[in-house]
Amino acid sequence: MINITLPDGSIRQYPEGVTGLEIAKSISERLAKEVLSITVNGEVWDITRPINTNASIKLHKWDDEQGKHAFWHSSAHLMAEAVEVLYPGVKFGIGPSIETGFYYDIDFGDKTISETDLTKIEEKMMEFVRQPQTITRSEVSKDFALKTYTDKADPYKVELISDLQDGTISLYTQGEFTDLCRGPHLPDTSSIKAFKLINIAGAYWRGNEKNKMLTRIYGVSFPKKSLLDEYLVMLEEAKKRDHRKLGKELELFTFSQKVGQGLPLWLPRGAQLREKLETFLKKIQKQYGYDQVITPHIGQKELYVTSGHYAKYGKDSFQPIHTPAEGEEFLLKPMNCPHHCEIYKSKPHSYKDLPVRLAEFGTVYRYEQSGELHGLTRVRGFTQDDAHIFCRPDQLKEEFVKVIDIVLYIFRVLNFTEYTAQISLRDPNDREKYIGTDENWEKAERAIIEAAAERGLSTVTEIGEAAFYGPKLDFMVRDAIGRKWQLGTIQVDYNLPERFELEYIGADDKRHRPVMIHRAPFGSMERFVAVLIEHTGGKFPLWLTPDQAVIIPISEKFNDYAKKVLNFLNNSDIRTLIDDRNEKIGKKIRDNELKKIPYLLIVGEKEVESEQIAVRVQGEGDKGQMSPANFVSFINEEIEKQLK
RNA sequence: GCCGGUGUAGCUCAGUUGGCCAGAGCAGCUGAUUUGUAAUCAGCUGGUCGGGGGUUCGAAUCCCUCCACCGGCUCCA
């Protein structure tokens, strides 16, 4: 007998060789039906794998990450099996479970696979589910595994096996299909009740663009049909929030093929929104001791050679602008910091002056790869809410913390509750990627970690994600379709002060080098607005929304009164429109509801007589009458609450 | 940049075994109606079918090429 310790600490005795499934059965039939994988002494196993020693275990069901992953992983195998049957001779790369669902990278040789093939694959998968196949695990030697896949002429699996250690290699077999795999897997394919192959895409083998591109098929699967349906409905809902769709519908921004790829054109309503955000941030920054500066859109190439950006990005960027004068070269500015360094240098600084905080809504241009462009989130010309803080080394942490405070304030006001803070450090094994001394890197990394801890941020740390000149703290949020985007960023930089030979005079009357913090709480105005659109579904907070109210006269007879109210409200700084089209009231309400204008103000005979307006709240309906003056104070109170 | 897909009116889309002057709804314009809380009626305007080249008696439809967009991969100062 062996002792099995359950997560609650209780210990049960089972015969040697007991399986997770048997343990589940001994607890309850229901659990046995639902269990998908088991953690045995910290390792995730199949529920049919015998346990031969004392162990602490945890059983995983669908509600558990580990359970889902076994489920999706087996689904990937199921798909691969179908593919192998339908397209004999294909070679398999890797087929893992992911955050939601699974994929498999497959080399189809000369055959081109498109969306229409997915249905065929799904049908074949369904066959295998209807006649369930058991999935069995076998442990094999490295030599055996290598021989198996050399015989199958699958170079990808051979490469994977070569990197594995002998004694740790397992194969999983279902029907005619065998796959190299660490597991765990479900006992058989019968529980994969509902699945859908979502899309098809190219993916480089091992993520390296020098390698061959394989065909990646993405899918999701669920133990119940209803869960799949829910998921598909959720995807549809998410699409409705897509900022590219809403941006068009709400007339916020557009693109023009003629102007150029990735160069957004802000329409009046979008520009209005963006300006509100900028004013909002400027006000905060003023409180935090920032000074606004303005710098030009181009700079001499030499400026970026000095900063190091040219060496790093020059060849992949917009190429230099040449002038009639021989030898003159200018770059469209890809960064504001070199300009700001020169502003810092324009006069001598005492240690008493520091920190110097220079802020600018600076528009920069970067030649992003064409396949990378995406709505407003990834563009070639964009405006950073940039600032550079030049401070003494002893002020670094305090300044860093203050920037965190600004970011957190913005997130609070705009209701971003789900974000992650990511600390990006350098990869010590990849020196080529970075510039600067070890000592400075260590100091900078320590400052970030301490500052984040001081504000109690829950952070994830990514090694190798640092900028080439320094470590950073990024705030990430998800878009409507689950993609992660970096918004705010705070970066420590010892390098640029070095390169630009920035100095201040210390209390000791000697020259010292300041430290720089790059920071952009929004990141870029374009990306931030995109994420804000998706976050709010286009229903912006009252203080931000381009049009706050629209006056709707019941008929043309009341246009004069409506215009009087319009003037009053606009003079009271309520951004108000009038809809005096010759349409029925129902039509005008519908149209303005769809524009997501927060307040619809209906005026008819009753309102004219009583000198009031009937207030209708977007999405909620009629709220009764009030006087225009009361409406103004009501709106102002609402806005004040939102900005607290 | 790479793989796959898509591109028809301002917007959403129909039309593709090649064949009547390329269609609809919404938007816009004109007129009627003067409206009380999510679509009043009628008429009209609007398209070099993404650009260019080719095949054909004939191309939105087939082929080539370029461009843009979409989904990924790689990249992101």
Side-chain angles (χ1 to χ4, degrees), chain A residues 103 105 108 112-118 198-218 239 242 244-245 248-249 251 254-258 260-262 304 307-314 316-317 333-338 364 366-375 377-380 384 435 465-470 472 481 483 485-486 489 491 493 495-496 518 524 527 552-559 581-594 600-607 614-624:
Chain A
Y103 68 79
D105 284 348
F108 282 89
T112 305
I113 294 295
S114 64
E115 306 263 337
T116 48
D117 294 279
L118 296 183
I198 299 289
N199 61 19
I200 199 158
Y204 298 108
W205 168 238
R206 298 206 137 180
N208 188 330
E209 62 182 325
K210 292 190 182 72
N211 289 341
K212 181 166 183 186
M213 182 159 272
L214 308 180
T215 302
R216 175 173 296 180
I217 304 177
Y218 285 93
K239 275 190 194 150
D242 191 315
R244 292 166 299 185
K245 182 175 150 66
K248 195 184 278 182
E249 285 173 6
E251 295 181 13
T254 190
F255 289 89
S256 147
Q257 220 183 108
K258 207 157 195 167
Q261 246 194 318
Y304 295 98
S307 73
H309 291 107
Y310 189 78
K312 192 82 185 168
Y313 295 102
D316 303 318
S317 196
K333 80 174 164 185
M335 289 288 283
N336 299 302
C337 32
V364 297
R366 297 177 183 176
Y367 190 80
E368 306 290 0
Q369 293 185 24
S370 64
E372 276 316 319
L373 301 172
H374 179 92
T377 52
R378 195 77 187 272
V379 287
R380 284 180 173 165
Q384 297 178 313
I435 53 178
E465 291 293 310
F468 75 95
Y469 50 76
K472 55 183 184 170
I481 340 179
R483 282 179 282 220
W485 294 100
Q486 178 205 304
T489 182
Q491 315 181 352
D493 187 354
N495 176 58
L496 273 189
H518 307 244
S524 87
R527 179 174 296 175
I552 304 178
I554 296 270
S555 85
E556 288 179 343
K557 284 190 280 190
F558 313 109
N559 280 357
R581 290 176 303 163
N582 181 5
E583 290 289 350
K584 293 182 92 168
I585 184 75
K587 166 75 166 166
K588 292 203 270 192
I589 284 171
R590 177 183 158 78
D591 287 351
N592 288 292
E593 284 274 344
L594 290 174
L600 310 191
L601 311 175
I602 318 292
V603 297
E605 197 171 352
K606 284 182 274 179
E607 287 72 23
V615 178
R616 182 189 164 101
V617 179
Q618 202 271 343
E620 292 178 30
D622 190 6
K623 295 290 174 185

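Convention: sequence-line order gives letters A, B, ...; per-chain numbering from 1. Predicted model only: the values in this text are computed from it and were never measured.
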Exercise for the section: Measure from CD1 on A:Ile113 to C1' on B:G71 and round the result to the nearest Å. Expected result: 17 Å
Practice task
Answer with base, sugar-phosphate or nothing: what part of the nucleic acid does A:Glu115 contact at a heavy-atom distance below 4.0 Å?
Solution key: nothing
Practice task
Look at all strands and tell whether A:Lys588 reaches a base, only sugar-phosphate, or nothing, counting heavy atoms closer than 4.0 Å.
Solution key: nothing
Problem - Verify stack between A:Tyr218 ring and B:G72 base, 5.5 Å, 30 degrees - result: no
Completion exercise
Re B:U17: Watson-Crick or G-U wobble partner, both distances kept under 3.5 Å, found to be none
Exercise for the section: Can you tell me, in whole Å, how much space there is between the P of B:C41 and that of B:G25? Expected result: 12 Å
Handout entry: Side-chain donor/acceptor of A:Arg527 to base of B:C76, under 3.5 Å
Key = no
Practice task
Identify the heavy atoms of A:Ala614 and A:Glu607 that sit nearest to each other, and give their distance.
Solution key: CB-OE2, 3.5 Å
Exercise for the section: Take A:Glu605 and A:Lys557 through the salt bridge (Lys or Arg N to Asp or Glu O under 4.0 Å) test and state the conclusion after the steps. Expected result: CA-CA 9 Å; A:Glu605 197 171 352; A:Lys557 284 190 280 190; over 6 Å; no
Problem - Residue-phosphate contact under 4.0 Å: A:Arg244 side-chain N/O, B:C69 OP1/OP2 - result: no
Handout entry: Between B:A60 and B:G52 - C1' atom distance, rounded Å
Key = 16 Å
Exercise for the section: May I have the distance from A:Lys587 (atom NZ) to B:A38 (atom P), rounded to whole angstrom? Expected result: 14 Å
Exercise for the section: For A:Gln486, report the nucleic acid contact type (base, sugar-phosphate, nothing); a contact means any heavy atom under 4.0 Å. Expected result: nothing
Practice task
Give A:Ala201 one of three labels, base, sugar-phosphate or nothing, depending on what nucleic acid heavy atoms sit under 4.0 Å from its own.
Solution key: base
Handout entry: Sugar-phosphate, base or nothing in reach of A:Glu249, heavy atoms under 4.0 Å
Key = nothing
Problem - Side-chain-base donor-acceptor pair under 3.5 Å for A:Gln257 and B:A68 - result: no
Fill in the blank from the handout: Sorted by position of nearest nucleotide on RNA chain B, 5' first, the leading residue of A:Ile200 and A:Arg616 is A:Arg616
